[in-house]
Each structure stands twice: as C-alpha cells, then as structure tokens.
Amino acid sequence: MEQKPTKSFIHAIIEDDLGTNKPGTAVHTRFPPEPNGYLHIGHAKSICLNFGLAREYSGKCNLRFDDTNPTKEEVEYVQSIQEDVRWLGFDWEDREFYASDYFEKLYEFAVFLIRKGRAYVDDLNADEIRQYRGTLTEAGRESPFRGRSVDENLDLFKRMREGEFPDGSRVLRAKIDMASPNLNLRDPVMYRVLRQTHHRTGDKWCIYPMYDFAHGQSDSIEGITHSICTMEFEDHRPLYDWFLDELEIYHPRQIEFARLNLSYTLMSKRKLLKLVEEGHVTGWDDPRMPTISGLRRRGYTPEAIRDFCDRIGVAKRDSMVDIALLEHCVREDLNRRAPRVMAVIRPLRVVIENYPEDQMEELEALNNPEDPQMGIRRVPFSRAIYIEREDFMEDPPKKFFRLAPGREVRLRYAYFVRCTGVIKDEKTGEVIELRCTYDPATRGGDSPDGRKVKATLHWVSAPHALKAKVRLYEHLFVRPDPSESKEGEDFASLLNPASLEVLDPCYLEPSLEKANQGDRYQFERLGYFCVDSKDSSPEKPVFNRTVTLKDAWAKIQKG
RNA sequence: UGGGGUGUCGUCAAGCGGUAAGACACGGGCCUUUGGAGCCCGCAUUCGGAGGUUCGAAUCCUCCCACCCCAGCCA
C-alpha cells in the first residue's frame, strides 16, 4: 500500500502563500536538470516533489533544461531525461523549456546591468580572479578593471559576443561587493567566452551565461512561484535576489531541501560518469546503477519509486536513507503484481525412481496467491526434475528443514517426495544427483492422510525446462557510504565484487517462453526478476534479479 | 578561526508551549502448498549538551558542542 505521505515544510510554505501572500496565484514549479548525465533516484525525489506539488495544488510543473554549459551537455542526455521523467509518470505537456531559449533575453539583461553600472568586463584570467576573490576569512580585492566606464563595458561585452576575444580572456562580472562574507557576492562571473558548439544553439554563441546568471531569471521568466532546489543553493539565494532586484523583474520564492543519499550507492553524477567511463558498469543503465534507467532495467516499477519518494519525506537535514527502504517498496509493489513462476537457478538433478519413465503430467499452479484474478497455469511434471542445490543438505543442521537423505518435502503444486539416494562425483565428492520416491496420493501437494512436511520446494521438469541466463545483482558498493573514502582511496576500490553474478544455464518452467523484454515475475522462493530489455532474446532469455524475497533462512545462517 | 544551514529511535521522519505520530530495519509470536505474503506484539520516560523562562519545554531565551555547504570562467 502506498502510504499517505506526511506533509513537508514545503507544503506548509506553499499553503501559507496560497492562503495569504498570493491569493489567486496557482502553484507553478519546475524540474530543472542539466543535461550532462542520466537522472538518478535523487532526481526522482526532486521530480516527485515538483510535479507532485503541482498536482496536489492544481498547478503546473515545467521541465526545463539548464543547458548553460555546452562543454558537458549532450542531446543524448536530454532524451534520456525526457524518457525517464515520462516513465516515472509525469507530464510536462507543452512546457518543455531550455535555459538556452533565453540566451538572447539573458544577454539583454546583462546589457541592462552594464548600463546600470552593475556589471563590468574583467580582463583578469581565471587564476587571477581566484586570487582576487580572497578566502573564507579574508575579504577579496577589487579587480583593476572594475572601474571601467559603462560605454567601455558595453563595447567590450558586445565584442565578447562577436568573438573578438579568445576563450578565457575576458568575463562579464556583476559589481557587488568584494568584501562580502558570502563569496557568491564577490563580483560573480556572469558570462564567459567559450567557443563550444551548443546542442541547441549550435555555434550562434561564443559567450555563455553562468548558471547563476541564468537560473533565477529563467524561473522568473517562466513565472515559477516556488523554485525548489537543493541546500547547496541556499548561499546563492542572495545573489539571485540581487539579480532579480537589479533587473527589476518578478521574484519566484526559492525553497531549499536536502538532496537524497542512499546507502551502498552514490548519487554524484561525476562519480557515476566515472563508473561508466572506466567500465566498472556496462553503462548508465546498468541494472546496478542508481539511475532511473538502471532501476528500470533492474525491474523497478515507477510506482515503487514514487512510493519510495513519498516515504522518505522532504526536509533540510543531511540524511542517508537505507536502501532497504527502496527494496521494501519494490517488493511490496511486485508482490501484488508479479505473476509467480518456478525457476531453478543453481540446478541439482533429481530422479524420481518410482515415477514412470515415459509419464508426463500437467499440474495446476496459481499465478498469484495474492490475486486469484490472475488465474492459473499448467506446469509439466516428469520423472526427472531440477531443484535448487541450496534446498538439499546431506548433513543438515537442526534449523534446516528442506531436503536431506531420508527426509520428505513437498514439491510445490506437485507431490511429496522423499530422498532415497545421493549420487556423488567419485573424485570430488560433490553431490551431482538425487534419487527420490514420490507419493502418488499427494498429487497437487496435499496429503490425504494429513501428514505434514516442513518445506515446500520449487522445481522444474528437466525435459521441459527452458534454459536462460540469470543475473543476480547486489549492492554496487561494499560500504554504506562509499563517498566517505579515506585519503588516497579510490572510490572504485569500494565496489562490491559480488554486485553481479551471472548464472547460466538456469532452468525455467516452460510458461516463460512467452516472456517479453521488461516483463516482471516472481521466481518462487527466490525473488523478483525481469526480462532484460537489452540483452534478452527468445533464443537466449536473460533475466535480471530485481530484488530477493525476504529470506528468513539466510538470516538464520548468518547467525 | 568569515558566511549559510542542520541536530528527535539503528535509518528516514512527524511534532510549531500541554506532557514523543508513522515508516523501514530489528526482536518475538500466529498463520502458511513461497522459511514469501499477511496478521499480532515489542522497540526514544526522552528530543546534541548545559543553564534559564514557565504550572508545564523537543517546542521560547542564553551559552556551548557536533556535522554539512561555500574560495569553478561547473550546475
């Protein structure tokens, strides 16, 4: 069940604004990603918040790409972002905007500030600007070019645009206060010279506005009522306010919240990019990645992700959410929706000695005990089957109640079987086959005499089995907080070597023949799996494990 | 040691002067043809610390402590 989320401090602010300050104004938010990477679960939090707020208060939410740095942005990223937002279940209708849509307007804004004597062209290079900026505890010094006349600044800025000066040679700066304790106010750079083809404007521009000179104005232009962003921008708010005031334009209300951190993974786009580039994962959509596309390929549902975002809440304090909560959300969703099926991933062959050689029968199985509406299917049974290796122990400890020599268990939807023999490899001593007998009176799994068994095993008929490759995924990192690496320690060294285990061949019940890419199933007693949307084919099916089922036995084993 | 933030259960998170919600995790029990699911019970005498105000404080005041962010021509 998706629980009703408790209202956040942002809801309180908005309701207050709606009730008093801005009667009649509808809520208008925006989700403003930079197209320099794929969206991750942290972005999902922001997406759910922004689109969710618009939904809750009958407002609108724009999708706006903050594309002010062409050196890092690509159309591939904008496409993936569009796809992911849509997949999550949100619609920006015709309100798809780009900061680059406003380049001309932003240029005019800059000229306006120059005319007002509030901006100047600086010839200092990047290194010099840094030195002049001062430190956290010492005031900065004013640039020797700070006093240029309005006309000279106008001329120089125009020529910057016209391409007269090389990259990095000059910048346009806001004239604010080099002694401000807030470094963002120490004459921040507004424009830089950058000869770089932009994914939308091409080579039209060779100067590009800084994010700080674009973001607030973009929100203002779009009439955003509540500009929701993450905490690190709290320090920038005074700067945005300064620009908006000096520009004499509409002020959105900025509200900051804490970004999401999830245990055993990373949220830094830079580090995720590194994992991709260095080949630690197969791509942005590797099922181990915390990206939306990775989670999608892993088998997560949009519903589960939205539910997760509702449950984690929104606040201002730094936090680290336990990935177990995310896993709980998918399990809960998939438990209701995923059809059950039997698959043996670490096969152990079992021959039922008293079952007739050439006999085969079809047994009825429930597609989902949680939902009778999902109906039943028939599963073939025969003399030779596969069971899970882990379901047999030759010398079981007391708490193990699966199959063991002489012991009787139930084969799900089939029969009670008793282990009568163990065949081992002569050299290695490894168990390679089991011999069992079955009780024909227990067909379907019920015993007419009322005798009980302590375990029910899943199985697959050997001659009917479908072969498939199965990938088991685990946490990407071994440490709860991989960003907290010691000095000199490469975060890549914290990768979990067991984050991917490939099992091949695995045996599936034949009903899975009709499985299509993206389809999700519960492999009984093992977990939720989905057909890989890239690598799977009818000839060679590939299943990804989304998440295991909760496993009481595993817990007992760990002690 | 400048500025901006934040500190409530193992992890998130409500609470807004009237005597600590909820979720996940964890522990126990019931039930069970998935050691799944479901159901039941338990789980902060205490809110970073110390003072103070008040009949009454997690909520107000004072001081202290801890953690996070800021010195990109990144966003």
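Excluded from the calculations below are hydrogen atoms, water molecules and symmetry mates; all remaining heavy atoms, backbone and side chain alike, are included. Owing to the predicted nature of the structure, the values given are computational and were not obtained by experimental measurement.
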Select one nucleotide: of U34(B), G36(B), A75(B), the one nearest the side-chain heavy atoms of Ala552(A).
-> G36(B)
How is Gln522(A) classified with respect to the nucleic acid when contacts are heavy atoms under 4.0 Å: base, sugar-phosphate, or nothing?
-> base
Rounded distance in Å - NE2 (His458(A)) to P (G36(B)) = 15 Å
Go through the structure and list residues passing salt bridge (Lys or Arg N to Asp or Glu O under 4.0 Å) with Asp235(A), not counting sequence neighbours.
-> none
Side chains of Ser80(A) and Asp84(A), donor plus acceptor under 3.5 Å = no
Roughly, in whole Å, what's the span from CG in Asp307(A) to P in C12(B)?
-> 19 Å
Go through U34(B), A75(B), C73(B) for me and flag the one nearest to the Asp66(A) side chain.
-> A75(B)
Please collect all salt bridge (Lys or Arg N to Asp or Glu O under 4.0 Å) contacts where either partner lies in residues 362-374 of chain A, sequence neighbours excluded, each pair once.
-> Glu364(A)-Arg378(A)
Are Ser8(A) and His11(A) close enough that a side-chain donor and a side-chain acceptor fall under 3.5 Å?
-> yes
Contacts of Arg259(A) that satisfy salt bridge (Lys or Arg N to Asp or Glu O under 4.0 Å) - sequence neighbours left out = Glu232(A)
U34(B) pairs with which nucleotide, Watson-Crick or G-U wobble, both distances below 3.5 Å?
-> none
Any chance the side chains of His458(A) and Arg412(A) put a donor and an acceptor closer than 3.5 Å?
-> no
Separation of atom CD in Glu332(A) from atom P in A23(B), rounded to whole Å = 11 Å
Answer yes if the side chains of Asp481(A) and Ser483(A) hold a donor-acceptor pair under 3.5 Å, and no otherwise.
-> yes
Across every strand shown, the nucleotide meeting Watson-Crick or G-U wobble geometry with C16(B) (both distances under 3.5 Å) is none
With a non-hydrogen cut-off below 4.0 angstrom, is Pro369(A) in contact with a base, only sugar-phosphate, or nothing?
-> base
If we call it a pair only when both distances are under 3.5 Å in a Watson-Crick or G-U wobble match, what pairs with C67(B)?
-> G5(B)
If each of Gly168(A) and Asn335(A) is mapped to the nucleotide of RNA chain B with the nearest heavy atom, which maps nearer the 5' terminus, i.e. the 5' end?
-> Asn335(A)
Any donor-acceptor N or O pair under 3.5 Å, side chains His236(A), Gln254(A) = no
When all nucleic acid strands are considered with a 4.0 Å heavy-atom cut-off, which category describes Glu34(A): base, sugar-phosphate, or nothing?
-> sugar-phosphate
Whichever of Lys7(A) and Thr456(A) has the more 5' nearest nucleotide on RNA chain B, that residue is Lys7(A)
Rounded to whole Å, NE2 of His215(A) lies from P of G72(B) at a distance of 21 Å
For nucleotides 2-5 of chain B, which of its nitrogen or oxygen atoms have a protein nitrogen or oxygen under 3.5 Å away, and what is each distance?
| residue | atom | partner | partner atom | Å |
| --- | --- | --- | --- | --- |
| G2(B) | N9 | Leu136(A) | O | 3.2 |
| G2(B) | N2 | Pro181(A) | O | 3.2 |
| G2(B) | N3 | Leu136(A) | O | 3.2 |
| G3(B) | N2 | Asp235(A) | OD2 | 2.7 |
| G4(B) | O2' | Asp235(A) | OD1 | 3.3 |

Under 4.0 Å between any heavy atoms, over every strand shown, what does Ile556(A) touch: base, sugar-phosphate, or nothing? Just pick one.
-> base
Hits for salt bridge (Lys or Arg N to Asp or Glu O under 4.0 Å) against Arg146(A), two or more places apart or cross-chain, chain-then-number order -> Glu142(A), Asp187(A)
ring-ring contact (aromatic ring centres under 6.0 Å, His included) contacts touching residues 167-196 of chain A (sequence neighbours left out) | Phe157(A)-Tyr191(A), Tyr191(A)-Phe213(A)
Assigned chi class of G72(B) under the 90° convention is syn
Is Phe400(A) touching bases, backbone alone, or none of the nucleic acid, heavy atoms closer than 4.0 Å?
-> base
Just call it for Thr68(A): base, sugar-phosphate, or nothing, with non-hydrogen atoms closer than 4.0 Å on any strand.
-> sugar-phosphate
OP1, OP2 of C12(B) versus side-chain N and O of Arg311(A): anything below 4.0 Å?
-> no
Does Lys550(A) put a side-chain nitrogen or oxygen below 4.0 Å from OP1 or OP2 of A37(B)?
-> yes
Would you indicate what Phe401(A) reaches in the nucleic acid, counting non-hydrogen atoms under 4.0 angstrom: base, sugar-phosphate, or nothing?
-> base
Which nucleotide in the list A75(B), A23(B), A13(B) gets nearest to the side chain of Leu325(A)?
-> A23(B)
Just call it for Asp446(A): base, sugar-phosphate, or nothing, with non-hydrogen atoms closer than 4.0 Å on any strand.
-> base
So what does Val189(A) hit on the nucleic acid, given a heavy-atom distance under 4.0 Å: a base, only sugar-phosphate, or nothing?
-> sugar-phosphate
May I ask which nucleotide in the shown strands pairs with C60(B), Watson-Crick or G-U wobble, both distances under 3.5 Å?
-> G52(B)
Find the distance Leu239(A):CG to C70(B):P and express it as a whole number of Å.
-> 16 Å
For residues 552-559 of chain A, which side-chain donor-acceptor pairs fall under 3.5 Å, sequence neighbours excluded?
none

So what does Asn125(A) hit on the nucleic acid, given a heavy-atom distance under 4.0 Å: a base, only sugar-phosphate, or nothing?
-> base
By salt bridge (Lys or Arg N to Asp or Glu O under 4.0 Å), which residues pair with Glu76(A), not counting sequence neighbours?
-> none
Could you give the CD-to-P distance, from Glu524(A) to U32(B), as a whole number of Å?
-> 17 Å
Give Arg402(A) one of three labels, base, sugar-phosphate or nothing, depending on what nucleic acid heavy atoms sit under 4.0 Å from its own.
-> base
Looking only at side-chain atoms of Arg192(A), point me to the closest of G72(B), A23(B), C73(B).
-> C73(B)
Given the P atoms of C64(B) and A21(B), what is the spacing between them in whole Å?
-> 33 Å
What does Arg340(A) touch in the nucleic acid at a heavy-atom separation under 4.0 angstrom: a base, only the sugar-phosphate, or nothing?
-> base
Look at all strands and tell whether Val314(A) reaches a base, only sugar-phosphate, or nothing, counting heavy atoms closer than 4.0 Å.
-> sugar-phosphate
Touch class at under 4.0 angstrom, heavy-atom based, for Arg410(A) against every strand present | base
Below 3.5 Å between N/O atoms, which protein atoms pair up with nucleotides 8-11 of chain B? Just atom names and distances, please.
| residue | atom | partner | partner atom | Å |
| --- | --- | --- | --- | --- |
| U8(B) | OP2 | Arg317(A) | NH1 | 3.4 |
| U8(B) | O4 | Arg317(A) | NH2 | 3.2 |
| U11(B) | O3' | Met320(A) | O | 3.0 |
| U11(B) | O2' | Met320(A) | O | 2.8 |
| U11(B) | O2' | Asp322(A) | N | 3.4 |

